[in-house]
Engineer: 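Below is one structure. I have some questions about it.
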Amino acid sequence: YRKYQWIEVRARKCGGRDARKESYRPDCESICTRGEPIHPRRGDWSERAKYVLAKASASMEDLYDQQARDRTSLGIFRPKVVHDLIITPDDPEWKAGFKAELAQARLWDDRKASREPPRKVPFKFQYRFECDDHRCKSHRMMIEDWEVGALYWKLVDKGKSPQEAADQVKARFLHQLCGKDKDARFYVGTILAHPKTWLVIGVFYPTIKKTGSKHSADPMLFD
């Protein structure tokens with residue numbers, strides 16, 4: 001299935017140490033698609049926005065409040081301003097323990113003789129931004145969007161050096177997706193190992209129309 005496509009899947013609520021409100025364990029064999037992906041029509045993202053923004057929050061501060069009330073672990077909001085995308089070097093190899101856990105997880109086809117984890121990006125990417133909330137003292141939040149890694153390795157495979165690829169990832173995710181012509185929103189979530197630490201897991205980036213509508217956009221790179 002593709003992004004912004006309805007699917008049907010059997011799932012059960014996670015239990016044990018995973019108490020996050022939105023955590024479910026899917027039966028991946030049961031996944032089936034329901035209809036075609038929701039594509040922007042002539043750049044109009046309003047159909048996507050109808051679902052994506054239905055439960056949008058005003059700020060990260062509001063999401064922190066929701067998390068304290070009911071263990072919310074997913075959300076979407078509009079940053080008031082995105083100041084920067086910070087690139088820092090990272091270990092190019094997975095830690096041995098984590099690699100072993102990945103190999104045991106059901107993330108790859110059981111028929112494959114070798115269960116190698118995906119290539120690890122040797123950089124960390126973090127957004128530095130502010131919310132439209134008087135309580136906000138600015139945020140520096142890690143990006144764990146799979147599209148960052150996909151774009152990075154696509155560039156490297158085309159012959160870019162690691163630093164050139166990282167710089168082009170920054171150009172895409174800062175200057176294009178969060179440019180002044182975009183009504184950018186951040187999808188955010190937490191992970192089981194650090195349930196109180198929030199990460200940016202995606203960007204919703206319709207172009208702001210001159211007419212005032214905020215739901216048109218250029219075609220998505222990976223859609």
Side-chain angles (χ1 to χ4, degrees), residues 1 3-32 34 38 48-83 85-86 90 94-95 97-107 117-118 121 124-149 173 177-178 183-205:
Y1 59 91
K3 290 183 66 175
Y4 298 103
Q5 183 172 19
W6 289 107
I7 66 169
E8 184 176 299
V9 58
R10 291 193 299 271
R12 59 185 175 84
K13 191 75 176 71
C14 286
R17 66 191 184 100
D18 192 353
R20 295 173 297 168
K21 184 172 71 173
E22 294 87 0
S23 291
Y24 284 79
R25 187 177 300 280
D27 173 3
C28 295
E29 298 298 325
S30 72
I31 294 175
C32 56
R34 290 289 180 259
I38 302 173
R48 287 179 171 180
K50 181 169 66 175
Y51 302 105
V52 169
L53 305 180
K55 294 186 178 181
S57 298
S59 64
M60 269 309 307
E61 285 66 35
D62 277 354
L63 283 169
Y64 290 142
D65 289 344
Q66 292 177 47
Q67 184 181 48
R69 286 195 304 270
D70 60 12
R71 296 174 176 172
T72 287
S73 61
L74 285 174
I76 186 170
F77 69 96
R78 177 196 287 127
K80 179 180 180 181
V81 57
V82 181
H83 292 292
L85 191 153
I86 300 164
D90 193 21
W94 298 108
K95 292 181 180 179
F98 184 58
K99 190 172 181 178
E101 291 179 6
L102 284 173
Q104 292 173 11
R106 293 190 63 191
L107 299 179
V121 176
K124 291 181 180 179
F125 300 90
Q126 294 174 299
Y127 275 124
R128 185 169 66 85
F129 64 91
E130 291 180 33
C131 297
D132 189 9
D133 191 305
H134 70 277
R135 298 169 293 174
C136 181
K137 295 180 173 59
S138 81
H139 303 275
R140 181 166 166 166
M141 192 171 292
M142 194 75 69
I143 308 171
E144 291 292 345
D145 184 345
W146 72 269
E147 291 184 359
V148 166
F173 279 79
L177 272 59
C178 298
D183 182 27
R185 316 289 181 108
F186 288 163
Y187 297 103
V188 291
T190 67
I191 58 175
L192 177 58
H194 304 284
K196 291 189 177 181
T197 299
W198 290 79
L199 309 167
V200 176
I201 57 176
V203 184
F204 185 74
Y205 56 96

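Below, each value reflects all heavy atoms present in this structure, side chains not excepted, and no hydrogens, waters or symmetry copies. Numbering of residues begins at 1 and proceeds along the displayed sequence.
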Engineer: Are the side chain of Arg128 and the backbone of His139 linked by a donor-acceptor contact shorter than 3.5 Å?
Structural biologist: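 Such a contact is absent between Arg128 side chain and His139 backbone.
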Engineer: Is any NZ, NE, NH1 or NH2 atom of the basic residue among Asp62 and Arg135 found under 4.0 Å from an Asp or Glu carboxylate oxygen of the other?
Structural biologist: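 Salt bridge present between Asp62 and Arg135.
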Engineer: Between Glu22 and Ser73, does any side-chain donor sit less than 3.5 Å from a side-chain acceptor?
Structural biologist: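 Side-chain D/A pair, Glu22 to Ser73: present.
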Engineer: Would you say that Ile31 contacts Ile7 through its side chain, given a criterion of any heavy-atom pair below 4.5 Å between the two side chains?
Structural biologist: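 Of all side-chain heavy-atom pairs linking Ile7 with Ile31, at least one is under 4.5 Å.
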Engineer: Is the NZ or CZ atom of Arg185 positioned over Phe204's six-membered ring, under 6.0 angstrom from the centre and within 45° of the axis?
Structural biologist: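 No, a cation-pi geometry is absent between Arg185 and Phe204.
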Engineer: Which residue, His194, Gln126, Met142, forms the side chain to side chain contact (heavy atoms under 4.5 Å, CB included) with Leu199?
Structural biologist: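 Of the listed residues His194, Gln126, Met142, the side chain to side chain contact (heavy atoms under 4.5 Å, CB included) partner of Leu199 is Met142.
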Engineer: Considering non-hydrogen atoms only, spot the tightest contact between Val9 and Ser30 and give its length.
Structural biologist: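 Of all heavy-atom pairs spanning Val9 and Ser30, the closest is CG2-OG, 3.4 Å.
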Engineer: What pair of heavy atoms forms the shortest contact from Tyr24 to Cys14, and how long is it?
Structural biologist: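 Heavy atoms of Tyr24 and Cys14 come nearest at C-SG, 3.7 Å.
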Engineer: Say whether, by atom type as modelled, one donor and one acceptor occur between the side chain of Lys13 and the main chain of Ser23 under 3.5 angstrom.
Structural biologist: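 Yes, because the side chain of Lys13 sits within donor-acceptor range (under 3.5 Å) of the backbone of Ser23.
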Engineer: Could you tell me how the ring of Trp6 sits relative to the ring of Tyr51: parallel (under 30°), tilted (30 to 60°) or perpendicular (over 60°)?
Structural biologist: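 Plane angle over 60°, so perpendicular.
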Engineer: One thing to verify: whether Glu144 and Lys124 come together as a salt bridge, which I'm taking to mean a side-chain N less than 4.0 angstrom from a carboxylate O.
Structural biologist: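 Answer for the salt bridge query: no.
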Engineer: Assess whether a salt bridge exists between Arg78 and Asp183, defined as any Lys/Arg side-chain N lying under 4.0 Å from an Asp/Glu carboxylate O.
Structural biologist: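 Asp183 and Arg78: salt-bridged.
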